Peer 1: 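One structure, as structure tokens, below. Some questions next.
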Amino acid sequence: MVMAIAAIDENDVFELDTFGITDSKAFTPIQRKELVEVVKRVCEYEVEVISPQQIDDALHHPSRNLNILEAESAGRLIDKLVARLGAYKVKKVILDCPSVNLKGHLVEMGHHVKQDVPLVADHKADEKYRIVGAASLIAIVLRDETSEERNHKD
């Protein structure tokens, strides 16, 4: 699994609009590779690869699950990006909530984010917010590249 966060200056959001950046699942693999270059040019971003072992460990742990694993990763990504950019530059973080329980997700995220930044959770946020779609593109392209490399080694 690959997690990503992206940030963009408000004055540059038009670039994401111009290219119709949205949920990565709306594009073919070739389109995603082309669009991710635009995203990387105009956005700041961080990524984290979660190994199959980490996923298995979360699934077999009595007090963890995939949503908690995602929240932990998202918290680390938020903290890294905010620390790098400066809290004054990050007005808010929009999270793609993995469930319809938005309040519960925000509570869980509060346990994993150390930086003082407003969090907004929305279900299917990658379809609604260009910047979340940009992060989705980064994550899926890296996931696809990682899968391709693994398949070539086999």
Side-chain angles (χ1 to χ4, degrees), residues 1-52 54-56 58-59 64-85 89-113 115 117-151:
M1 179 166 52
V2 178
M3 299 279 294
I5 185 173
I8 191 167
D9 187 284
E10 291 178 48
N11 296 325
D12 295 330
V13 172
F14 76 93
E15 298 243 22
L16 300 179
D17 291 336
T18 299
F19 289 94
I21 304 295
T22 186
D23 176 18
S24 61
K25 295 180 286 301
F27 303 105
T28 67
I30 292 170
Q31 291 171 320
R32 289 193 294 255
K33 282 186 176 185
E34 292 170 358
L35 290 171
V36 83
E37 294 308 315
V38 172
V39 170
K40 288 179 174 181
R41 182 174 48 81
V42 299
C43 294
E44 298 288 338
Y45 62 94
E46 294 283 343
V47 297
E48 182 170 294
V49 177
I50 299 170
S51 72
Q54 290 171 291
I55 294 169
D56 287 346
L59 291 174
R64 296 181 72 217
N65 59 39
L66 281 180
N67 289 349
I68 292 172
L69 180 64
E70 283 187 32
E72 292 166 348
S73 176
R76 287 188 298 272
L77 290 170
I78 291 166
D79 289 342
K80 282 184 197 175
L81 193 65
V82 172
R84 184 161 53 89
L85 297 179
K89 288 188 88 173
V90 180
K91 308 286 187 239
K92 68 181 170 185
V93 173
I94 303 169
L95 301 161
D96 189 10
C97 185
S99 75
V100 292
N101 183 0
L102 303 179
K103 287 183 181 179
H105 187 63
L106 285 173
V107 168
E108 183 64 36
M109 286 302 306
H111 299 299
H112 305 290
V113 178
Q115 299 286 341
V117 59
L119 302 176
V120 175
D122 202 348
H123 189 59
K124 299 189 184 262
D126 52 353
E127 296 175 5
K128 301 173 187 175
Y129 302 93
R130 299 275 188 211
I131 193 63
V132 182
S136 172
L137 278 166
I138 292 168
I140 201 164
V141 167
L142 180 57
R143 185 206 66 192
D144 290 349
E145 289 171 352
T146 304
S147 295
E148 287 172 14
E149 286 174 17
R150 205 174 295 127
N151 288 338

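Owing to the predicted nature of the structure, the values given are computational and were not obtained by experimental measurement.
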Peer 1: Kindly indicate whether the side chain of Glu72, heavy atoms from C-beta on, has any atom under 4.5 Å from the side chain of Leu69.
Peer 2: yes
Peer 1: How long is the straight-line distance from CZ of Arg130 back to OG1 of Thr22, given to the nearest 0.5 Å?
Peer 2: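 Answer for the OG1-CZ pair, Thr22 versus Arg130, is 6.0 Å.
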Peer 1: How close do His105 and Pro98 get, heavy atom to heavy atom, and via which atoms?
Peer 2: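 The answer is CE1-CD, 3.4 Å.
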Peer 1: Would you say the side chain of Val90 lies within less than 4.5 Å of the side chain of Leu81, judging by non-hydrogen atoms?
Peer 2: no
Peer 1: Any side-chain heavy-atom pair from Ser24 and Leu35 closer than 4.5 angstrom?
Peer 2: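 A side-chain contact is absent here, since even the closest heavy-atom pair is not under 4.5 Å.
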Peer 1: Please check if atom NZ in Lys89 has more than 12 non-hydrogen atoms from other residues, nucleotides or ligands closer than 6.0 Å.
Peer 2: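 Counting other residues, nucleotides and ligands, NZ of Lys89 stays at 12 neighbours or fewer.
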Peer 1: Look up atom CZ in Arg32 and atom CD1 in Ile140, then write down how far apart they are to the nearest 0.5 Å.
Peer 2: 4.0 Å
Peer 1: Measure the shortest side-chain to side-chain distance between Met109 and Val93 over non-hydrogen atoms and say whether it is less than 4.5 angstrom.
Peer 2: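 A side-chain contact is absent here, since even the closest heavy-atom pair is not under 4.5 Å.
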Peer 1: With a 3.5 Å distance limit and no angle check, can you tell me whether Arg84 reaches the backbone of Tyr45 through a side-chain donor-acceptor pair?
Peer 2: yes
Peer 1: Between Glu10 and Lys91, is the closest basic N to carboxylate O distance under 4.0 Å?
Peer 2: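 Salt bridge: no.
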Peer 1: Please name the pair of heavy atoms, one in Asp122 and one in Lys128, separated by the smallest distance, quoted to 0.1 Å.
Peer 2: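 Heavy atoms of Asp122 and Lys128 come nearest at OD1-NZ, 3.1 Å.
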Peer 1: Tell me, do Met3 and Ile50 make a side-chain contact under 4.5 Å, heavy atoms counted?
Peer 2: yes
Peer 1: Within this structure, what is the CD1-CD distance for the pair Ile138 and Glu46, rounded to the nearest 0.5 Å?
Peer 2: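 Result: 10.0 Å between the selected atoms.
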Peer 1: What's the shortest heavy-atom distance between Ala83 and Gln115, and which atoms?
Peer 2: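 Distance-wise, the nearest heavy atoms are CB-NE2, 3.8 Å.
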Peer 1: Determine whether a donor-acceptor pair (N or O, by modelled atom type, separation under 3.5 Å) exists between the side chain of Asp96 and the backbone of Lys124.
Peer 2: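 The answer is yes, because a donor-acceptor pair under 3.5 Å joins these two groups.
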Peer 1: How long is the span from the OG atom in Ser136 to the CZ atom in Arg143, to the nearest 0.5 Å?
Peer 2: 9.0 Å
Peer 1: I'd like to check Thr146 versus Leu142 (side-chain heavy atoms, cut-off strictly below 4.5 Å). Are they in contact?
Peer 2: yes
Peer 1: Nearest heavy-atom pair of Val141 and Lys33: which atoms, and what distance?
Peer 2: CG2-N, 4.1 Å
Peer 1: Using the side-chain contact (heavy atoms from CB on, under 4.5 Å) definition, which of the options Leu106, Leu102, Val113 pairs with Leu95?
Peer 2: Leu106
Peer 1: To the nearest 0.5 Å, how far apart are CD in Glu44 and CG in Asp9?
Peer 2: 10.0 Å
Peer 1: Quick test of your reading of the model: are Asp126 and Lys25 salt-bridged, counting only N-O distances below 4.0 Å?
Peer 2: yes
Peer 1: Decide if atom CZ of Phe27 counts as having more than 12 heavy atoms of other residues, nucleotides or ligands within a radius under 6.0 Å.
Peer 2: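 More than 12 within 6.0 Å, yes.
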Peer 1: Would you check, one step at a time, whether the test side-chain contact (heavy atoms from CB on, under 4.5 Å) holds for Leu66 with Ile55?
Peer 2: CA-CA 7 Å; Leu66 281 180; Ile55 294 169; 3.7 Å; yes
Peer 1: Would a 4.5 Å heavy-atom cut-off, applied to side chains only, mark Glu48 and Val2 as touching?
Peer 2: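 Contact flag for Glu48/Val2 side chains = no.
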Peer 1: Measure across Glu108 and Ala71 and return the closest heavy-atom pair with its distance rounded to 0.1 Å.
Peer 2: CG-CB, 3.8 Å
Peer 1: Using a 4.5 Å cut-off on heavy atoms from C-beta on, say whether the side chain of Met1 contacts that of Gln54.
Peer 2: no
Peer 1: Which heavy-atom pair separates Ala135 from Ala4 by the least distance, and what is that distance?
Peer 2: O-CB, 3.4 Å
